[in-house]
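Notes for the one structure printed next.
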Amino acid sequence: MSSFDELPKIIEIEPTEHCNLRCTMCHVSFMPAGPRALLDMRLLDKLSILKECYFILGSSFEPMIHPEFAKLLDFLKEGKHRIELITNGTKLTKEILDKLNENDTAIVTVSFDGGSRETYE
């Protein structure tokens, strides 16, 4: 067995500790105000040894509010990684949709808790 066989096959990345919404049922609404961490994109160089992994982007916060989210998608495309994106969908743009289509995107989950203000509240 080579050392590459021991590398992870599934990686979860939380690009931010932020969200652009404050849903009453979400843990983000209960977090104290203050600075929040962003993924330092220089750390991606350390992940460049990984190829063809399954990356889950976001699960607790909104990943697309990272100012360099498109760069993260470019990195994942270069490594031929599959992508699962969990988002509230409010930051989807044509550029991001195009990049998701260009990548090996397996799943895009859009979380919402109501189809209208009345059903949400």
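A quick note: this is a predicted structure, and the numbers were derived from the prediction, not measured.
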Margin query: How close do His66 and Pro15 get, counting heavy atoms only, and between which atoms?
Written below: CD2-O, 3.1 Å

Note to self: Looking only at side-chain N and O atoms, does Asn103 offer a donor or acceptor that is under 3.5 Å from a partner on Thr105?
What the structure shows: no

Notebook entry, point to check: Between the side chain of Lys51 and the main-chain N/O of Ser48, is any donor-acceptor distance below 3.5 Å?
Noted result: yes

Note to self: If you apply the rule side-chain contact (heavy atoms from CB on, under 4.5 Å), what do you find for Cys23 with Val28, and how did you get there?
What the structure shows: CA-CA 8 Å; Cys23 301; Val28 175; over 6 Å; no

Next item on the list: Give a yes or no on whether Leu73 and Leu43 share a hydrophobic cluster (residues Ile, Leu, Val, Met, Phe, Trp, Tyr; joining criterion: side-chain heavy atoms under 4.5 Å apart).
Entry: yes

Next item on the list: Can you measure from CG (Leu39) to CD (Glu17) and round to the nearest 0.5 angstrom?
Entry: 10.5 Å

Check: For the side chain of Glu62 and the backbone of Leu21, is there at least one donor-acceptor N/O pair under 3.5 Å apart?
Finding: no

Next item on the list: Would you give the length of the straight line joining atom OH of Tyr54 to atom CD of Glu12, rounded to the nearest 0.5 angstrom?
Entry: 11.0 Å

Next item on the list: First locate atom CZ of Phe112, then atom OG1 of Thr87, and finally report the distance between them rounded to the nearest 0.5 Å.
Entry: 12.5 Å

Notebook entry, point to check: Any idea which heavy atoms bring His27 and Ser60 closest together, and the distance?
Noted result: CE1-O, 2.8 Å

Notebook entry, point to check: When rounded to the nearest 0.5 angstrom, what is the spacing between CG in Leu76 and NZ in Lys71?
Noted result: 12.5 Å

Item checked: Arg42 atom CZ, over 12 foreign heavy atoms within 6.0 Å -> no

Notebook entry, point to check: Where do Glu52 and His81 come nearest, in terms of heavy atoms and distance?
Noted result: N-ND1, 3.4 Å

Checklist line | Contact summary for Phe75 and Leu44, nearest pair of heavy atoms | finding: CE1-O, 3.4 Å

Item checked: Spatial distance of atom NE2 (His18) from atom CE (Met31) [nearest 0.5 Å] -> 9.0 Å

Check: So among Asp104, Ile10, Ile11, which one has a side-chain contact (heavy atoms from CB on, under 4.5 Å) with Phe55?
Finding: Ile11

Next item on the list: Flag yes if Ile96 and Ile13 sit in one hydrophobic cluster, no otherwise; membership is Ile, Leu, Val, Met, Phe, Trp, Tyr, and two members link when side-chain heavy atoms are under 4.5 Å apart.
Entry: yes

Margin query: With a 4.5 Å cut-off on side-chain heavy atoms, are Phe69 and Leu85 touching?
Written below: yes

Item checked: Over all atoms of both residues, closest heavy-atom pair of Cys19 and Ile65 -> N-CD1, 3.7 Å

Notebook entry, point to check: Would you say Lys77 and Ile83 make side-chain contact, with heavy atoms under 4.5 Å?
Noted result: no

Item checked: Shortest non-hydrogen contact between Pro63 and Thr16, atoms and distance -> O-CG2, 4.2 Å

Check: Is Leu72 linked to Met64 within one hydrophobic cluster, defined over Ile, Leu, Val, Met, Phe, Trp and Tyr using a side-chain heavy-atom separation of less than 4.5 Å?
Finding: yes

Item checked: Hydrophobic cluster membership, Leu57 vs Ile107, 4.5 Å side-chain cutoff -> no

Note to self: With a 3.5 Å distance limit and no angle check, can you tell me whether Glu14 reaches the backbone of Ser59 through a side-chain donor-acceptor pair?
What the structure shows: yes

